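It should be emphasised that the depicted structure is a prediction, and the values quoted were computed from it without experimental measurement.
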Amino acid sequence: MTDERMHEDEGRIGGAELAQRLERTRERMRHAGLDGLVVVDPANLHYLTGYDAWSFYMPQLLFVPLEGEPLLIMRQMDAGGAHRTARTPRERILGYPEALVHRHDVHPFDWAAEQLRAHGFGGRGRIGYEAEAHFLSVRSFHALERGLPEWTLVDCRDLVNWVRLVKSPAELVLLRRAGLVASAAMRAGIDAVAAGARQNDVAAAIQHAQATGVEGADGEYPAIVPMLPTGESADTPHMTWSARRLGAGEAVSIELAGAHRRYHAPLARTISLGTPDDRLRQLADITAEGLQLVLDGLRPGRTVAEVHGLWRDHIAAHGIEKPSRLGYSIGIGYPPDWGERTVSIRGDDETVLEPGMAFHVIAGMWMSGYGCELSESVALRDGGVEVLTDAPRELIVREGA
């Protein structure tokens, strides 16, 4: 089987679209006055090349010149098979020696700098780097700085992330499939929540559904594990799980994501084990009403701040404030995050909404000693919003569970 056929059979994004992504990236580079770009974020590497493997815990980079073929540099044991997912030509994939792994006296990017110079990228110029990327270590940066002193290294301000903001039709297909996986995982989680059930067993049910997927949409590992704030700890959103057993009368918030071909659709719901108290019921009703207002208000041409204002005014009328953002853009995700680090749904974001943008709208209300989470993953269309996830948009009450 040829590499081209293999990519098609796996349902990966095609070469023509990857070429368009590269050109859009270069357009932004020109606008920013950059002669080259060092990409280390695994989501951005995937976006530009199709590369997908659990190799991002080691130093790796994609160098994108303003003209000419990009160069992909990674650990030798990973470079040998990188062509199986990456559309980068094999001769443009370089592997640094295994002897450079976890050394204090030398760094893999010392070798990378030598290779970049040898391939003609050692001249003077403004080179962007991803200052906010999770996997650009201080040592990696200093190795590039030391090895290529003629470069003027500048923060690219998440340049590729902003290119990713508006999704293509092919990407929206993958996001819809991720939404199907998320919805199935949420159903599995809700079904597993019961008085006496262990949190880790609930998590296991969710993770099984995440990996299995549904017909027509196989699942993959998500960028973040299922989160299960429970009881009083539901006032803190990013709690994971233990072997603690759920108690009758408690509420459990589940936040998870479906992942398909690295595209993520997050989803959150809160389940009450028995009749909820008045404060939780009231909070849930306000939250659900506000979320619906936002979904109805998401329209191309509006600013993010305008849409956030619908939410802010709604909860303010009930004497409530939410200092955290209401959501963020989504798409490709790798650990430790499924967000894109671009648009945040809050009052100071003046981004104009466009068809093809996708968001996790999370109406998470974390009070003192309790909380309620309702969220949806959505994509903008010409006429409004398409909800990608499916679960009861309300506080879910399990009597006698």
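Ile320 has its side chain within reach of Ile286: a pair of non-hydrogen atoms, C-beta onward, lies under 4.5 Å apart. Residues Ser168 and Glu17 form a side-chain contact, since some pair of their non-hydrogen atoms from C-beta on lies under 4.5 Å apart. The shortest distance between side-chain heavy atoms of His119 and Leu71 falls below 4.5 Å. Looking at heavy atoms from C-beta onward, Leu326 lies out of side-chain contact with Ile362 at the 4.5 angstrom threshold. At least one side-chain heavy atom of Val106 sits under 4.5 Å from a side-chain heavy atom of Leu100. A heavy-atom distance below 4.5 Å is found between the side chains of Pro335 and Tyr221. A 4.5 Å side-chain heavy-atom check between Glu130 and Cys156 finds at least one atom pair inside the cut-off. Counting only heavy atoms from C-beta outward, the side chains of Met367 and Asp235 never approach each other to under 4.5 Å.
Using a distance-only test at 3.5 Å, with no hydrogens or angles considered, no donor-acceptor pair links the side chain of Arg24 to the main chain of Val160. With hydrogens and angles disregarded, a donor-acceptor distance shorter than 3.5 Å links the side chain of Asp277 to the backbone of Leu280. Between the side chain of Ser233 and the main chain of Pro229, no donor-acceptor pair closer than 3.5 Å is present. In this structure, the side chain of His264 engages the main chain of Ala223 through a donor-acceptor pair within 3.5 Å. Of the possible donor and acceptor atoms, one in the side chain of Arg26 sits under 3.5 Å from a partner among the backbone N and O of Pro65. When atom types are taken as modelled, the side chain of Ser183 and the backbone of Asp390 share a donor-acceptor pair closer than 3.5 angstrom.
With rounding to the nearest 0.5 Å, the separation of CG in Leu34 from CZ in Arg28 is 11.5 Å. A distance of 8.5 Å separates NE2 of His308 from CG of Asp348, quoted to the nearest 0.5 Å. To the nearest 0.5 Å, atom CG of residue Asn200 and atom CZ of residue Arg245 are 8.5 Å apart. Taken to the nearest 0.5 Å, the CZ atom of Phe135 stands 11.5 Å off from the OG atom of Ser140. Between atom CG of residue Leu136 and atom OH of residue Tyr129 there is a gap of 8.0 Å, rounded to the nearest 0.5 Å. Atom CG of residue Leu267 and atom CD of residue Glu373 lie 10.5 Å apart, to the nearest 0.5 angstrom.
Between Tyr334 and Phe56, the two ring planes are perpendicular [angle over 60°; tilted spans 30° to 60°]. In this pair, His46 and Tyr263 present their aromatic rings perpendicular. The plane angle is above 60°, beyond the 30 to 60° band.
Look at Glu98 and Arg103 and you find no salt bridge, because none of the NZ, NE, NH1 or NH2 atoms lies under 4.0 Å from a carboxylate O. Taking the charged nitrogens against the carboxylate oxygens, Glu250 and Arg244 do have a contact shorter than 4.0 Å, which makes a salt bridge. Note on Asp35 versus Arg124: no salt bridge recorded, every NZ/NE/NH1/NH2 to OD/OE distance being 4.0 Å or above. For the pair Asp218 and Arg261, the salt-bridge criterion is met [side-chain N within less than 4.0 Å of a carboxylate O]. Salt bridge present: Glu340 and Lys167 bring a charged side-chain N and a carboxylate O closer than 4.0 Å. A salt bridge does not link Arg262 to Glu171: none of the charged nitrogens lies less than 4.0 Å from a carboxylate oxygen.
Both the sub-6.0 Å distance and the 45° axial angle are satisfied by Arg21 relative to the ring of Tyr47. Annotation: cation-pi geometry not satisfied between Arg75 and Tyr57 (NZ/CZ under 6.0 angstrom from ring centroid, within 45° of ring axis).
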Carefully, step by step, assess His83 and Thr88 under the rule side-chain hydrogen bond (donor to acceptor under 3.5 Å, both in side chains).
CA-CA 7 Å; His83 65 279; Thr88 306; over 6 Å; no
Let's go through Glu132 and Arg341 carefully: what are the C-alpha distance in whole Å and the side-chain angles of both, what is the deciding distance for salt bridge (charged side-chain N to carboxylate O under 4.0 Å, His left out) to 0.1 Å, and is it a yes or a no?
CA-CA 9 Å; Glu132 278 292 311; Arg341 300 200 309 274; 5.2 Å; no
Derivation of the side-chain hydrogen bond (donor to acceptor under 3.5 Å, both in side chains) call for Ser253 and Thr270:
CA-CA 4 Å; Ser253 290; Thr270 297; 2.8 Å; yes
Between Arg269 and Glu376, is the salt bridge (charged side-chain N to carboxylate O under 4.0 Å, His left out) condition met? List the steps.
CA-CA 9 Å; Arg269 288 294 186 271; Glu376 303 285 8; 2.6 Å; yes
Worked verdict on Met58 versus Tyr96 for side chain to side chain contact (heavy atoms under 4.5 Å, CB included)
CA-CA 11 Å; Met58 284 288 178; Tyr96 55 78; 3.6 Å; yes
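For Glu23, the CD atom sits in a packed shell: over 12 heavy atoms of surrounding residues, nucleotides or ligands are nearer than 6.0 Å.
Residues His107 and Phe109 place their aromatic rings such that the two centres sit under 6.0 Å apart. Residues Phe141 and Trp151 keep their aromatic ring centres 6.0 Å or farther apart. Between Phe359 and Tyr328, the ring centre distance reaches or exceeds 6.0 Å.
Between the side chains of Ser375 and Glu255, no donor N or O sits under 3.5 Å from an acceptor N or O. Side-chain contact, Ser329 with Thr342: a donor N or O sits under 3.5 Å from an acceptor N or O.
In terms of heavy-atom proximity, Ala195 sits nearest to Gly247 at CB-C, 4.4 Å. Here the closest non-hydrogen pair linking Leu291 and Trp311 is N-CZ3, 3.8 Å. Heavy-atom minimum distance, Leu62 versus Pro70: CD1-CB, 3.8 Å. The two residues Leu61 and Leu45 make their nearest non-hydrogen contact at C-CD2, 4.3 Å. Taking both residues in full, the closest heavy atoms of Ala257 and Gln210 are given as O-NE2, 2.8 Å, listed atom of the first, atom of the second, then distance. The minimum heavy-atom distance between Ala79 and Gly95, with the atom names listed, is CB-CA, 3.6 Å.
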